[in-house]
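Position 1 is the first residue of the sequence; numbering continues from there. Just so we're clear, the structure is a prediction, and the values are computed from it rather than from any experiment.
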Amino acid sequence: MLRISSSSSLHVPSICGAPVNFVLSFLNPSSRKVSNFTRLALLHSTALFPNSRNFQFPTFKRVSTMMGRTHSCSRVITASYSAGSGTGGSSGGDREILVQHLLVKEDDQKLLLDLQKRTAEGEDLSDLAVEYSMCPSKEDGGMLGWVRKGQMVPEFEEAAFGAPLNKVVKCKTKFGWHFLQVLSEREESVLEHIQPNEFHVRLQDPSFLEEAQLIDVREPEEVAQASVPGFQVLPLRQFGVWGPEITTKFDPQKDTYVLCHHGMRSLQVAKWLQTQGFRKVFNMAGGIHEYAVKVDPSIPTY
């Protein structure tokens, strides 16, 4: 039922195979290199999220670090990205919700009643999840991250998308009883691939660099060999340095373009940026290599 993701900057065969695909399904299947940013991926149930291909989560620790503990986090994100009236009662549509949960066995009535009483009295669900949840997400306070319709089992999805913000609700699935809490909601973000020639056309517009933000995730030695003007270099190996500050250094509301050598590392980061609330992210298809070959032959290939 439950699958675990653990990753590093080294080879991690257990992640790149079919059994664990929710974080790295967008990678080339032949690639076994995993970037440091995937450390932010959350342990989760692929049964609870049966349609989780290309699905990513920020961890509870990540959410807490970036925006404070969960309740303050909820207020901040809703103010920026709320797609509805401030409650979870709308139909879903192009809405994503930030969810945490606690899972207990169906037949453990004593614990079930105790947790129901304690959540009703206002105890923090994330603290209770760490102590009592059966789901591996307990390690991250029960945080399941940003989810959208079509990614969860029907019973859980119906309860989550019908729940008012911050109210703990209960639902039953074949895995047991879930206490879940929707911490925030936002409009669904967009990720697009942009072809080098199309990007080049946009780059000719004098206002483009003022309205967009460009990120190159290659390493400094790569950038020294070949580069495109206007990109800010954020080496992927240094993710631990710039990752926690991404929403302070860049505006999530602006169009964001991500570049690497062949378009794979940039795709990973582009998807991660979505989990951080970036509204529209573009991945440079084929990377700087394709740009040099198709658009600007003066740029060296390597």
Side-chain angles (χ1 to χ4, degrees), residues 9 23-24 26-28 30-31 33-40 54 56 58 62 66 80-81 186-302:
S9 59
V23 173
L24 299 174
F26 47 82
L27 285 176
N28 186 320
S30 64
S31 172
K33 292 276 182 129
V34 180
S35 303
N36 285 335
F37 90 98
T38 56
R39 293 180 184 278
L40 301 180
N54 295 328
Q56 298 184 84
R62 175 63 175 166
M66 292 289 293
S80 300
Y81 302 116
R186 69 184 185 192
E187 294 178 357
E188 186 174 339
S189 60
V190 175
L191 170 60
E192 296 181 7
H193 292 279
I194 185 168
Q195 296 300 318
N197 56 348
E198 183 181 354
F199 175 78
H200 181 69
V201 170
R202 296 187 187 186
L203 197 58
Q204 307 315 302
D205 184 344
S207 65
F208 177 71
L209 292 179
E210 296 178 5
E211 299 171 354
Q213 45 202 7
L214 316 181
I215 300 174
D216 188 335
V217 299
R218 295 175 301 146
E219 303 307 314
E221 58 271 21
E222 294 181 90
V223 177
Q225 294 182 65
S227 62
V228 178
F231 279 86
Q232 182 167 338
V233 180
L234 298 180
L236 204 50
R237 289 179 186 171
Q238 298 176 24
F239 174 80
V241 175
W242 55 260
E245 301 177 353
I246 195 68
T247 55
T248 58
K249 290 185 175 181
F250 293 88
D251 184 355
Q253 298 298 320
K254 285 188 173 183
D255 289 359
T256 305
Y257 295 76
V258 192
L259 171 74
C260 71
H261 190 195
H262 289 293
M264 296 307 298
R265 284 172 288 173
S266 56
L267 180 56
Q268 296 176 55
V269 173
K271 284 179 170 289
W272 174 76
L273 287 172
Q274 284 187 290
T275 71
Q276 305 307 301
F278 281 70
R279 305 311 313 138
K280 195 165 187 178
V281 187
F282 296 86
N283 177 55
M284 179 81 82
I288 195 170
H289 178 84
E290 196 81 357
Y291 188 85
V293 170
K294 294 186 175 181
V295 176
D296 188 352
S298 69
I299 297 177
T301 57
Y302 64 97

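Under the 3.5 Å distance criterion, the side-chain polar atoms of Gln276 are left unmatched by any main-chain donor or acceptor of Ile246. Side chain of Arg218 to main chain of Ala226: a donor-acceptor pair is present (N/O by atom type, distance under 3.5 Å, no hydrogens or angles). Proximity of a side-chain donor or acceptor of Asn283 to a complementary backbone N or O of Leu267 within less than 3.5 Å is detected. Side chain of Trp242 to backbone of Pro235: a donor-acceptor contact under 3.5 angstrom is found. Between the side chain of Glu222 and the backbone N or O of Glu219 there is at least one donor-acceptor pair closer than 3.5 Å.
Counting heavy atoms from C-beta on, the side chains of Ile288 and Val228 come closer than 4.5 Å. Looking at heavy atoms from C-beta onward, Val190 lies out of side-chain contact with Val281 at the 4.5 angstrom threshold.
In this structure, CG in Leu191 is found 5.5 Å from NZ in Lys271, a value given to the nearest 0.5 Å. The line from CG of Leu259 to CD1 of Ile194 is 11.5 Å long, rounded to the nearest 0.5 Å. The distance from the NE2 atom of His193 to the CE atom of Met284 is 13.0 Å, given to the nearest 0.5 Å. For the atom pair Asp255 CG and Gln253 CD, the distance stands at 10.5 Å (nearest 0.5 Å). Distance OG/Ser227 to OH/Tyr291: 10.5 Å, rounded to 0.5 Å. The structure places OG1 of Thr301 at 11.5 Å from CD of Glu290, a figure rounded to the nearest 0.5 Å.
A cation-pi arrangement is not found for Arg202 relative to Tyr257, the charged atom failing to lie both closer than 6.0 Å to the ring centre and inside a 45° cone about the ring normal.
Contacts of Lys254 classified as salt bridge (charged side-chain N to carboxylate O under 4.0 Å, His left out), with partners at least two apart in sequence or in another chain: none.
Inspection of the Thr256 and Gln213 side chains reveals an N or O donor paired with an N or O acceptor under 3.5 Å.
For Lys249, the NZ atom is densely surrounded, since the number of other residues' heavy atoms within 6.0 Å is greater than 12.
The two atoms that bring Gly230 and Leu209 nearest to each other are CA-CD2, 4.4 Å, heavy atoms only. Nearest heavy atom pair, residue Pro252 against residue Gly277, reads CB-O, 3.5 Å.
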**Report entry** Stepwise side-chain contact (heavy atoms from CB on, under 4.5 Å) test for Gln232 and Ile215
**Finding:** CA-CA 5 Å; Gln232 182 167 338; Ile215 300 174; 5.5 Å; no

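The aromatic rings of His289 and His262 lie tilted to each other, with the angle between the two planes from 30° to 60°. Between Phe231 and Phe199, the two ring planes are tilted [angle within 30° to 60°].
A side-chain contact (heavy atoms from CB on, under 4.5 Å) with Phe250 is found for exactly one of Leu214, Leu234, Leu273, namely Leu234.
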